Amino acid sequence: MRQLLPHPGEIDPAEAYAAIRPRPAGRPWVAALMAASADGAATVGGRSGPLGGEGDRAVFRAVRAVADAVVVGAGTVRDEDYGPVRSPEQTAARRVAAGQEPHPRLVVVSGRLHLNPGQRLFAETDGTTPPPLVVHPPSTPAEARRRIEAVAELVELPAAVGRGVDPHALVAELGRRHLGVVVVEGGPSLNGVLVAADVVDELCLTLDPMVVGGSAPRIAHAPGEPEARRWTTAHLMEQDGVLFWRLVRDRRA
Ligand SMILES: NC(=O)c1ccc[n+]([C@@H]2O[C@H](COP(=O)([O-])OP(=O)(O)OC[C@H]3O[C@@H](n4cnc5c(N)ncnc54)[C@H](OP(=O)(O)O)[C@@H]3O)[C@@H](O)[C@H]2O)c1
């Protein structure tokens with residue numbers, strides 16, 4: 001992979017994404033990991049798969065390697081048939097040597113708990129890792145809770161006004177669990193909630209040189225007006241014409 005900014009040259013993605021991520025007070029560092037087409041689509045044919053290619057898979061592994069938790073919305077779990085989050089053997093050994101858990105904890109955010117208990121992320125467990133943590137608001141129906149509590153650790157969190165889990169309550173809960181770096185893998189609805197609450201510190205964005213048109217969602221969407229906030233480029237890399245852009249929220253006054 002080739003780095004374009006800040007200094008041109010060859011770079012290993014594992015090295016590029018092993019950045020220092022200072023933990024904000026009372027919550028983890030939150031990094032969003034997403035892929036988009038050049039015209040901003042987060043899906044092609046209802047999936048993210050066609051976006052990003054080989055370089056994206058390398059970046060995906062590099063970002064997951066630094067994660068204490070991988071957080072994902074229920075829509076993405078359903079649409080992308082999520083499986084358990086497991087580090088490759090060498091990565092797991094490196095993590096343990098650095099004082100981390102061998103694998104990131106998988107956290108699913110859901111309102112209705114329309115999740116299949118037989119889905120891979122629940123069913124394909126090897127007994128060495130804790131079950132996924134599934135967080136939901138108080139309004140979640142009791143029957144749905146009963147179906148999922150056998151295969152996951154269920155945690156009820158306060159709701160944002162008239163909506164799902166309060167994003168501040170979510171990050172505070174992850175902080176209480178000593179999860180220092182949280183990687184949010186989407187989808188666009190969960191990202192939109194987190195961006196609106198301004199709790200996203202980093203965006204790892206793959207930009208595929210593809211123009212797709214159509215009605216696909218952007219990488220983050222939520223009701224209400226967009227808000228202009230300051231972000232800075234930490235690096236920009238390239239492989240096979242695909243761009244890998246790492247941006248960090250600039251919280252200086
Ligand atoms: N380009 C990429 O990198 C990328 C990455 C991920 C996903 N995607 C694509 O995005 C599409 C899915 O989009 P999406 O917006 O539906 O995904 P999503 O954000 O993963 O899922 C939305 C669902 O997540 C739950 N949710 C989100 N915020 C919540 C909150 N604050 N409290 C409680 N529950 C909350 C709700 O689940 P319930 O319905 O259970 O209440 C909601 O219906 C798929 O096509 C997927 O392939 C693309």
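Read the numbers this way: they start at 1 and go in the same order the structure lists the ligands and their atoms. Keep in mind that what you see is a predicted model, and the values were worked out from it rather than measured.
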**Q** Is it the side chain (CB and beyond), the backbone, both or neither of Glu185 that lies under 4.0 Å from ligand 1, heavy atoms counted?
**A**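 The answer is the backbone.
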**Q** Please say whether more than 12 non-hydrogen atoms of neighbouring residues, nucleotides or ligands are located less than 6.0 Å from CZ in Arg249.
**A**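 It does: Arg249 CZ has more than 12 such atoms within range.
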**Q** Hey, is Asp79 touching ligand 1 through its side chain, its backbone, both or neither, going by heavy atoms under 4.0 Å?
**A**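 Answer for Asp79: side chain.
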**Q** Would you confirm whether Arg23, through its side chain, and Gly175, through its main-chain N or O, come within 3.5 Å as a donor-acceptor pair?
**A**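 Between the backbone of Gly175 and the side chain of Arg23 there is a qualifying donor-acceptor contact (under 3.5 Å).
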**Q** Just to be sure I'm reading this right: ignoring hydrogens, which of Val165, Thr43, Asp81, Leu190 gets closest to atom 31 (N) of ligand 1? Compare them by their nearest heavy atoms.
**A**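 Nearest option to atom 31 (N) of ligand 1, by heavy atoms: Val165.
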**Q** So, for Phe244 and His235, is the gap between ring centers shorter than 6.0 Å?
**A**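 Distance test on ring centres: not under 6.0 Å, no.
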**Q** Charged N to carboxylate O below 4.0 Å: is that the case for Asp198 and Arg251?
**A**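 Salt bridge present between Asp198 and Arg251.
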**Q** Between Arg47 and ligand 1, which part of the residue brings a heavy atom under 4.0 Å of the ligand: side chain, backbone, both or neither?
**A**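 Only the backbone of Arg47 comes within reach of ligand 1.
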**Q** Below a 4.0 angstrom heavy-atom separation, can you tell me which part of Thr76, side chain or backbone, both or neither, approaches ligand 1?
**A**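 Both backbone and side chain of Thr76 come within 4.0 Å of ligand 1.
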**Q** Do Val107 and Glu173 make a side-chain contact, defined as non-hydrogen atoms from C-beta onward lying under 4.5 Å apart?
**A**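 In short, these two side chains do not touch, never coming nearer than 4.5 Å.
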**Q** Less than 4.0 Å between a side-chain N and a carboxylate O, is that true for Glu124 and Arg86?
**A**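 No salt bridge links Arg86 with Glu124.
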**Q** With respect to atom 22 (C) of ligand 1, which of Pro217, Gly186, Gly52, Gly75 exhibits the smallest heavy-atom separation?
**A**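 It is Gly75 that holds the nearest heavy atom.
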**Q** Report the nearest protein non-hydrogen atom to atom 10 (O) of ligand 1: residue, atom name, distance rounded to 0.1 Å.
**A**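 Checking every protein heavy atom, the shortest distance to atom 10 (O) of ligand 1 gives Pro188 CD, 3.2 Å.
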**Q** Please classify the Leu113 to ligand 1 contact at 4.0 Å (heavy-atom distances, strictly less than): side chain, backbone, both or neither.
**A**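 Backbone only; the side chain of Leu113 stays clear of ligand 1.
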**Q** Of the backbone atoms (N, CA, C, O) and the side-chain heavy atoms from C-beta on, which set of Arg78 has a member under 4.0 Å from an atom of ligand 1: side chain, backbone, both, or neither?
**A**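 Under 4.0 Å from ligand 1, Arg78 contributes side-chain atoms alone.
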**Q** Using a strict 4.0 Å threshold on nitrogen-to-oxygen distance, state whether Arg47 and Asp81 make a salt bridge.
**A**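 So Arg47 does not pair with Asp81 through a salt bridge.
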**Q** Give the residue and atom name of whichever protein heavy atom lies nearest to atom 45 (O) of ligand 1, and the separation in Å to one decimal.
**A**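 Residue, atom and distance for the closest contact: Gly46 O, 2.7 Å.
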**Q** Could you tell me which atoms of ligand 1, counted from 1 in the order shown, lie closer than 4.0 angstrom to a heavy atom of Ala35?
**A**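 The atoms of ligand 1 under 4.0 Å from a heavy atom of Ala35 are 1 (N), 2 (C), 3 (O).
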**Q** Only one of Leu154, Thr140, Asn116, Val108 clears side chain to side chain contact (heavy atoms under 4.5 Å, CB included) with Ile148; which?
**A**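 When Leu154, Thr140, Asn116, Val108 are each tested with Ile148, the side chain to side chain contact (heavy atoms under 4.5 Å, CB included) holds only for Leu154.
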**Q** Does atom CD of Glu101 have more than 12 heavy-atom neighbours, drawn from other residues, nucleotides or ligands, at distances under 6.0 Å?
**A**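 12 or below, so no.
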**Q** Considering only non-hydrogen protein atoms, determine which one is nearest to atom 4 (C) of ligand 1 and report residue, atom name and distance to 0.1 Å.
**A**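 Atom 4 (C) of ligand 1 sits closest to the protein heavy atom Met34 CE, 3.4 Å.
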**Q** Considering only protein heavy atoms, which is closest to atom 26 (N) of ligand 1, and at what distance to one decimal place?
**A**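 Going atom by atom, the protein heavy atom closest to atom 26 (N) of ligand 1 ends up being Val109 O, 3.8 Å.
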**Q** May I ask you to identify the nearest protein heavy atom to atom 47 (O) of ligand 1, giving residue, atom name and distance to one decimal place in Å?
**A**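 Atom 47 (O) of ligand 1 sits closest to the protein heavy atom Glu80 OE2, 2.3 Å.
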**Q** For Ser87 and Thr91, indicate whether the former's side chain and the latter's backbone hold a donor-acceptor pair under 3.5 Å.
**A**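 Not a single qualifying donor-acceptor pair exists.
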**Q** Out of Gly164, Ser139, Gly111, who is nearest to atom 34 (N) of ligand 1 when you count heavy atoms only?
**A**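 It is Gly111 that holds the nearest heavy atom.
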**Q** When you measure from atom 24 (O) of ligand 1 to each heavy atom in Ala74, Ser37, Ala197, which option holds the nearest one?
**A**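 Looking at heavy atoms only, the winner is Ala74.
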**Q** So Arg21 and Asp201, salt bridge (charged side-chain N to carboxylate O under 4.0 Å, His left out) or not? Walk me through it.
**A** CA-CA 9 Å; Arg21 293 174 170 87; Asp201 304 296; over 6 Å; no
**Q** Just need the protein heavy atom nearest to atom 40 (O) of ligand 1, so name the residue and atom and give the distance.
**A**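 Ranking protein heavy atoms by distance from atom 40 (O) of ligand 1, first comes Ser110 OG, 2.5 Å.
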**Q** For atom 18 (P) of ligand 1, find the nearest protein heavy atom and state the residue, atom name and distance (0.1 Å precision).
**A**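 That would be Gly187 N, 3.4 Å.
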**Q** For Arg147 and Leu115, indicate whether the former's side chain and the latter's backbone hold a donor-acceptor pair under 3.5 Å.
**A**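 Yes.
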**Q** Quick test: of every protein heavy atom, which one is nearest to atom 48 (C) of ligand 1, and how far off is it to 0.1 Å?
**A**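 Among all protein heavy atoms, the one nearest atom 48 (C) of ligand 1 is Ala42 O, 3.4 Å.
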